[in-house]
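These notes are about the structure you will find just below.
Chain letters run A, B, ... following the sequence lines, proteins first and then strands; every chain starts at 1.
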2 protein chains.
Amino acid sequence: MVLLSMATDPLGLTFSALADPTRRAIVARLAQGEATVSQLAEPFDMSSPAVSKHLKVLERAGLVEKGREAQFRPRRLKPEPLRDLSGWLESYRQFWDAKFDSLDAYLKEIQNKDTPQ
Amino acid sequence: MVLLSMATDPLGLTFSALADPTRRAIVARLAQGEATVSQLAEPFDMSSPAVSKHLKVLERAGLVEKGREAQFRPRRLKPEPLRDLSGWLESYRQFWDAKFDSLDAYLKEIQNKDTPQ
DNA sequence: TGGTTACTTAACCTAATGGTTAGGTACGGG
DNA sequence: CCCGTACCTAACCATTAGGTTAAGTAACCA
């Protein structure tokens with residue numbers, strides 16, 4: 001059921017891939033250009049199999065693509081899932097766009113003056 | 001560690017809240033106006049405690065707010081996390097924006113000339 | 001050819017997720 | 001005041017997620 005829905009729910013795959021901070025850091029790194037697994041693993045205090053697993057999750061979501069060059073398997077970022085995510089978000093623009101809820105925006109203005117949060 | 005990072009990682013909370021299709025459906029429903037728990041539960045083939053749990057996840061992410069009116073606890077959608085998500089996405093616009101693709105390819109060309117290791 | 005580097009796979013562990021049922025609490029109506 | 005409706009909490013269960021170590025494959029290098 002989860003298995004099934006996940007397999008047929010690309011948006012869900014994307015969201016859950018990006019839910020992990022390690023994976024978002026990998027995405028951030030790959031946004032600056034392709035990188036090998038070792039390079040991607042270097043900043044993290046975790047084993048390389050763990051990084052491999054994270055990469056597999058990103059690949060399953062279509063966010064990352066694996067290349068092969070000699071003994072290296074360079075990864076690069078793929079734009080499509082991010083584009084899809086943006087499309088989904090866009091359908092809620094009326095909610096997070098300040099113009100929509102002027103009262104909400106106004107309250108927030110006030111609040112932002114000294115919100116400790 | 002997961003506990004800790006999640007507590008201090010609002011973006012991660014948002015992504016994982018939205019990873020579940022039931023929760024995205026709830027968000028879609030709430031985008032049309034506030035609704036009670038029973039109203040939200042109605043379309044789903046699952047117990048109401050299950051729906052309550054989903055709502056708690058959405059609330060923890062700040063996506064949903066709980067009101068109280070007599071015996072009802074109407075939920076409404078909050079825009080902030082969606083706005084934050086949009087901000088995060090925006091920082092990757094260069095990747096999913098089609099116009100940028102050719103430049104991206106060009107940068108990759110250059111980079112491959114002297115990639116160490 | 002044998003060692004080293006790069007990476008993956010397998011087996012395992014713990015904790016979180018997503019569901020259940022059963023048993024609360026709180027409110028409004030007859 | 002009691003009953004039904006609305007909702008939440010607790011306890012439990014199965015599966016998934018995220019990490020580990022150990023062992024495997026593959027390519028380069030001396």
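Between A:Glu42 atom CD and C:dC7 atom C1' the separation is 17 Å, expressed in whole Å. Protein atom CG of B:Asp20 is 8 Å distant from nucleotide atom C1' of C:dG18, rounded to whole Å. If you measure from atom CZ of B:Arg24 to atom C1' of C:dG18, you get 15 Å, rounded to the nearest angstrom. We find that CG of B:Leu13 is positioned 13 Å from P of C:dA16, with the value rounded to whole Å. Between B:Arg60 atom CZ and C:dT17 atom C1' the separation is 12 Å, expressed in whole Å. Across the protein-nucleic acid pair, A:Leu58 atom CG and D:dG18 atom C1' stand 13 Å apart, rounded to whole Å. Here the C1' atom of nucleotide C:dG19 and the CZ atom of B:Arg23 are 12 Å apart, to the nearest Å. In this structure, the CZ atom of A:Phe44 is 14 Å from the P atom of D:dG18, given to the nearest Å.
Taking hydrophobic clusters as Ile, Leu, Val, Met, Phe, Trp and Tyr residues chained together by side-chain heavy-atom distances below 4.5 Å, B:Tyr92 shares a cluster with A:Ile26.
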Practice prompt. Let me see the working for B:Val57 and B:Val64 under side chain to side chain contact (heavy atoms under 4.5 Å, CB included), right down to the final yes or no.
Written response: CA-CA 9 Å; B:Val57 173; B:Val64 160; over 6 Å; no
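Taking 4.0 angstrom as the limit, A:Ser52 places none of its side-chain polar atoms (N or O) nearer than this to OP1 or OP2 of C:dC7. Distances shorter than 4.0 Å separate none of the side-chain N or O atoms of A:Lys66 from OP1 or OP2 on C:dC7.
Shortest non-hydrogen contact noted between A:Ala17 and A:Leu63 is CB-CD1, 4.0 Å.
A side-chain hydrogen bond (donor to acceptor under 3.5 Å, both in side chains) check over residues 45-59 of chain A, counting only residues at least two apart or in different chains, returns the pairs A:Arg23-A:His54, A:Glu59-A:Arg75.
Each of D:dG18, D:dC8, C:dT8 was ranked by its minimum atom distance to the side chain of A:Arg75; first place goes to C:dT8.
Closest-nucleotide positions on DNA chain D for A:His54 and B:Leu55 were compared, and the one nearer the 5' end corresponds to B:Leu55.
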For nucleotides 20-27 of chain C, tabulate all protein N/O to nucleotide N/O atom pairs closer than 3.5 Å, reporting atom names and distance.
unit_1, atom_1, unit_2, atom_2, d
C:dT20, OP1, B:Ser47, N, 3.4
C:dT20, OP2, B:Ser47, N, 3.0
C:dT20, OP2, B:Ser47, OG, 2.5

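At least one side-chain heavy atom of A:Leu18 sits under 4.5 Å from a side-chain heavy atom of A:Leu85.
Ring-plane geometry between A:Trp88 and A:Phe15 is classed as perpendicular, the angle between the planes exceeding 60 degrees on a 0 to 90 degree scale with a lower cut at 30.
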